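Take a look at the structure set out below.
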Amino acid sequence: LRRGTLQVLGKKMSALDFVKSVVVNLARLAVLGAILYASVNIRLDAVNTYGRVIHEFDPWFNYRATEYLVRNGWEKFKNWYDEEAWYPLGRHVGSTIYPGMLLTSAGLFRLFEFFDLGISLNDVCVFIPAGFSILSCLFTMGLAYEATRNINASIIVAGIMAIIPSHLMRSVAGGYDNESVAVAAIVGTFYFWVRSQRNPGALSFIFAVLSGFSYIYMVAAWGGYVFVLNMIGVHAALLAFINLFFESKFNHHLHKCYSAWFVIGTIGALQFPIVGWLPFQSMEQLGPFFVFLGLQFLYALDLIKTKHFDNNEEKFNTFRRSLVTGLIVVAAVLFNILLGLGYVHGLSNRVRSLFIPHTHTGNPLVDSVAEHQSTPNTVYWHYFHITCYFGPVGFIACFFNRNPAKLFAILYCVLSGYFSRKMIRLVLLLAPAASISAGIGISLALEWVWAIATQALASPKEEEAASESEDTGAKGAASPADKKKGKSTEAKEAKKAKSNSLASLIANAQPFKLSSNPIFKLLQIGGAFLLAVVVFRSLIEFNVHSWRVSEDLSHPTIMVKARSHSGEPIIIDDFRQAYWFLRDKTPQDSRVMAWWDYGYQINGIGNRTTIADGNTWNHEHIALLGRCLISPEDEAHRMIRHLADYVLVWTTRYAGMAGDDLAKMPHMARIGGSVFSDINPNDYWMDQSGQPSAKLRKSLLYKLHAYGFQPEVVLSKFEEAYTSPNRMVRIYKVKNVAKRHPVGKYPAELNFVLNKSKAFKQ
């Protein structure tokens with residue numbers, strides 16, 4: 001301090017510079033704090049409007065499963081066979097669920113309960129998506145920092161990630177779904193992996209280990225772990241390729257880090273029943289395993305070269321070619337044998353749909369899900385907004401001054417961009433990559449504006465001093481050469497005049513330096529001003545757009561916001577009222593038949609046994625359900641009386657909402673026809689005026705929709721039990737119900753229809 005200097009983290013600086021640094025970093029912390037606050041606040045619109053309500057369909061199963069976990073503990077949960085779902089088969093929950101989010105919620109609830117904070121399990125589940133958005137922002141920020149080593153660019157990235165609609169779509173409060181925690185797990189795993197590649201050393205290796213544990217949580221959280229697995233595998237393979245063929249060396253640090261990540265992550269993944277041995281059997285997961293084996297092979301080759309060939313490149317290359325050729329032949333033969341024996345599985349239906357047109361997966365059940373459809377171009381502007389034009393700038397910038405982190409960012413953008421095109425649901429994967437590339441692009445623009453502005457606003461003395469410093473340096477560097485060559489003053493002046501020509505100015509342009517040429521200088525200043533206006537205006541529009549989209553995404557589906565005849569805002573609560581009717585007005589052991597979409601809500605809110613739900617693990621059972629609904633009343637009743645006590649249908653068209661069960665009937669017919677050859681899906685349709693085909697008009701589902709509203713429609717085997725206030729949901733009691741059959745298999749009385757079925761084959 002006496003000398004006016006300080007040493008901070010090994011770096012000498014003046015006391016004034018130290019104060020400036022503290023102020024700047026405090027300002028950065030304040031901005032980051034505001035970003036994280038906005039990240040949570042933008043996701044609370046649903047809570048502010050509708051209250052602390054679980055949204056959609058799948059979240060209701062997750063909430064019900066979390067309740068079971070809290071009440072019964074982990075051991076019972078792993079062995080939970082749910083007899084209140086998929087009647088009469090039931091469902092083994094422990095082997096068909098990703099438990100990461102549930103364990104997280106249960107743990108937080110127990111923690112809050114220990115400190116007696118009065119926070120309910122429902123509240124924990126409602127707010128988990130908003131809370132985890134903070135982690136997503138921080139990890140995405142860290143990933144951007146590894147690529148750019150620029151803290152300002154990283155903060156911009158965090159700001160975009162906090163409110164970008166493609167991230168909001170799966171993380172609003174109440175959207176208690178796996179993706180709400182999985183995004184944080186994805187970018188967390190990516191950050192730790194990329195950080196491990198910054199430089200060799202013990203600290204970097206620790207980050208590789210952390211990446212392995214983060215990957216285990218990712219596997220526990222969501223089936224999208226396959227994307228994470230392959231992203232890191234492709235990145236490691238590319239780094240190894242660059243090291244071998246462009247730098248002619250083996251990367252020992254990469255070998256250690258990847259091996260640690262793969263071994264830790266795979267051992268952890270094997271502990272989850274839903275994963276099992278898929279890392280070594282599933283076609284979509286074998287790539288990273290081959291990368292692991294490849295790195296071990298290269299490591300062994302490197303040892304052999306060092307110990308036995310004494311740097312004799314010619315002999316070693318001959319040996320390597322022979323060994324590699326032999327191993328490739330053996331591996332190909334072995335792989336084909338395992339594939340033929342069924343040990344190695346082909347691509348799953350959902351993964352196959354990423355490489356072929358959506359409507360041609362060959363599985364009508366997969367094709368019937370709206371979120372599995374390919375992504376229209378209009379979706380990108382809606383969910384990514386300004387990142388659509390700032391993103392490409394940042395993406396291109398990653399090709400300059402490349403490092404492992406920038407290479408990873410390039411791969412992340414390309415692969416997530418491709419998969420987002422193939423399926424609307426996977427737009428979520430592109431959110432962090434788009435935030436990173438757009439943040440880098442915006443940062444470059446603002447850095448250029450700042451550089452030009454500070455030079456333009458510099459005082460004449462500062463500018464003259466800077467100019468003299470440059471001239472002195474130039475003269476000092478050129479002086480010995482000039483003396484040696486004996487150049488004259490006239491020659492120097494001619495060279496200076498030539499250097500001010502337009503061609504020379506363009507050829508020697510330095511974009512971050514203010515030109516001495518008046519025309520170029522004016523163009524730079526004007527361009528900087530216009531660019532600053534464009535950037536800040538775009539950021540304001542992005543913020544407004546994101547908040548508007550957050551309101552649209554905050555509608556919980558189970559409740560509908562509308563306006564009364566007088567124009568007053570109202571909440572239509574028909575769906576919950578229908579489920580409450582089941583809970584309060586039907587026997588506790590009642591079985592409710594409905595299309596599989598609504599099974600989770602019937603279980604979670606109505607607390608009644610369902611025939612099928614969104615897990616869709618049994619294609620043939622859903623086909624039987626579809627057959628029940630599209631068959632004529634008498635034939636349908638002959639099946640339903642052995643399966644259900646009530647039938648629930650959505651009839652939202654009466655309230656002006658599309659997408660009800662009649663609209664879904666073509667899907668029901670296609671799924672049914674994939675198992676029952678006597679069903680022709682082309683027989684079930686409605687024309688543009690709403691007139692049904694002959695078979696559709698005779699179907700049970702059509703009658704359940706129209707009964708009471710069309711005089712000619714009569715029911716004899718079903719009795720109306722409940723119609724919601726706005727006629728959006730209708731519930732019918734099944735007459736002459738057969739004796740209840742024990743859970744575990746179909747009753748023999750259904751053999752007349754089951755004998756007509758065939759196992760579905762892709």
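Quantities reported herein were computed from a predicted structural model and do not represent experimental measurements.
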Side chain to side chain contact (heavy atoms under 4.5 Å, CB included) between Leu700 and Ile640: does it pass, once the steps are laid out? CA-CA 11 Å; Leu700 172 66; Ile640 293 173; 3.5 Å; yes
Would Phe760 and Glu620 satisfy side chain to side chain contact (heavy atoms under 4.5 Å, CB included), going step by step from the backbone distance to the final call? CA-CA 7 Å; Phe760 173 73; Glu620 291 75 18; 3.4 Å; yes
Should the heavy atoms of other residues, nucleotides or ligands under 6.0 Å from NZ of Lys758 be counted, would the total exceed 12? yes
Flag yes if more than 12 heavy atoms outside Lys745 fall under 6.0 Å of its NZ atom; otherwise flag no. no
Side chains of [X] and [Y] in contact at under 4.5 Å (non-hydrogen atoms):
| X | Y | value |
| --- | --- | --- |
| Tyr81 | Val93 | no |
| Asn230 | Pro288 | yes |
| Ile630 | Leu701 | no |
| Val734 | Lys717 | no |
| Val647 | Val592 | no |
| Gln588 | Arg608 | yes |
| Leu624 | Phe676 | yes |
| Leu648 | Leu582 | yes |

Aromatic Phe752 / basic Arg638 pairing, under 6.0 angstrom, 45° off normal: yes
So, does Asp687 use its side chain to make a donor-acceptor pair with the main chain of Ser689 at under 3.5 Å? yes
With distance as the sole test, does Ser699 use its side chain to make a donor-acceptor pair with the main-chain N or O of Pro632 at under 3.5 Å? no
So which atom in [X] and which in [Y] form the shortest heavy-atom distance, rounded to 0.1 Å?
| X | Y | result |
| --- | --- | --- |
| Trp60 | Tyr600 | CB-O, 3.8 Å |
| Ala623 | Ile671 | CB-O, 3.5 Å |
| Ser105 | Leu121 | O-CD1, 4.4 Å |
| Pro273 | Ser95 | CB-CA, 3.8 Å |
| Met218 | Gly224 | CE-C, 3.7 Å |
| Ala594 | Ile602 | CB-CD1, 3.7 Å |

Lys/Arg-Asp/Glu bridge criterion (N-O < 4.0 Å) met for Lys733, Asp645: no
Under-4.0 Å salt bridge between Asp678 and Arg627: yes
Walk me through it: do Ser674 and His619 pass the test side chain to side chain donor-acceptor pair (under 3.5 Å)? CA-CA 9 Å; Ser674 67; His619 185 103; 2.8 Å; yes
Going by distance alone, is a donor N or O of one side chain under 3.5 Å from an acceptor N or O of the other, for [X] and [Y]?
| X | Y | value |
| --- | --- | --- |
| Thr723 | Arg730 | yes |
| His741 | Tyr746 | no |
| Tyr380 | Ser166 | no |
| Asn377 | Arg421 | yes |
| Thr66 | Tyr176 | yes |
| Asn618 | Trp86 | no |

Between Tyr598 and the options Thr610, Asp661, Asn603, the side chain to side chain donor-acceptor pair (under 3.5 Å) test singles out Asp661
Rounded to the nearest 0.5 Å, what's the gap from [atom1] on [X] to [atom2] on [Y]? Could you check?
| X | Y | atom1 | atom2 | result |
| --- | --- | --- | --- | --- |
| Glu635 | Cys628 | CD | SG | 9.0 Å |
| Ile731 | Leu704 | CD1 | CG | 11.5 Å |
| Leu428 | Ser180 | CG | OG | 10.0 Å |
| His705 | Leu662 | NE2 | CG | 4.0 Å |
| Thr609 | Met593 | OG1 | CE | 13.0 Å |
| Gln577 | Asn726 | CD | CG | 8.0 Å |

What pairs meet the salt bridge (charged side-chain N to carboxylate O under 4.0 Å, His left out) rule with one or both residues in residues 83-105, with sequence neighbours excluded? Arg64-Glu84
Parallel, tilted or perpendicular: ring planes of Trp80 versus Phe61, cut at 30 and 60 degrees: parallel
Between [X] and [Y], is the ring centroid distance below 6.0 Å?
| X | Y | value |
| --- | --- | --- |
| Tyr654 | Phe709 | yes |
| Phe289 | Phe280 | yes |
| Phe718 | Tyr732 | no |
| Tyr87 | His621 | no |

With side chain to side chain donor-acceptor pair (under 3.5 Å) as the criterion, how do Glu633 and Tyr702 come out once you've worked through the C-alpha distance, each side chain's angles and the decisive distance to 0.1 Å? CA-CA 10 Å; Glu633 182 183 0; Tyr702 182 82; over 6 Å; no
Worked verdict on Leu89 versus Val743 for side chain to side chain contact (heavy atoms under 4.5 Å, CB included): CA-CA 6 Å; Leu89 304 176; Val743 172; over 6 Å; no
So His55 and Tyr50, side chain to side chain donor-acceptor pair (under 3.5 Å) or not? Walk me through it. CA-CA 10 Å; His55 295 195; Tyr50 301 97; over 6 Å; no
What's the verdict on salt bridge (Lys or Arg N to Asp or Glu O under 4.0 Å) for Asp574 and Arg727, showing C-alpha distance, side-chain angles and the deciding distance? CA-CA 8 Å; Asp574 280 39; Arg727 303 191 298 182; over 6 Å; no
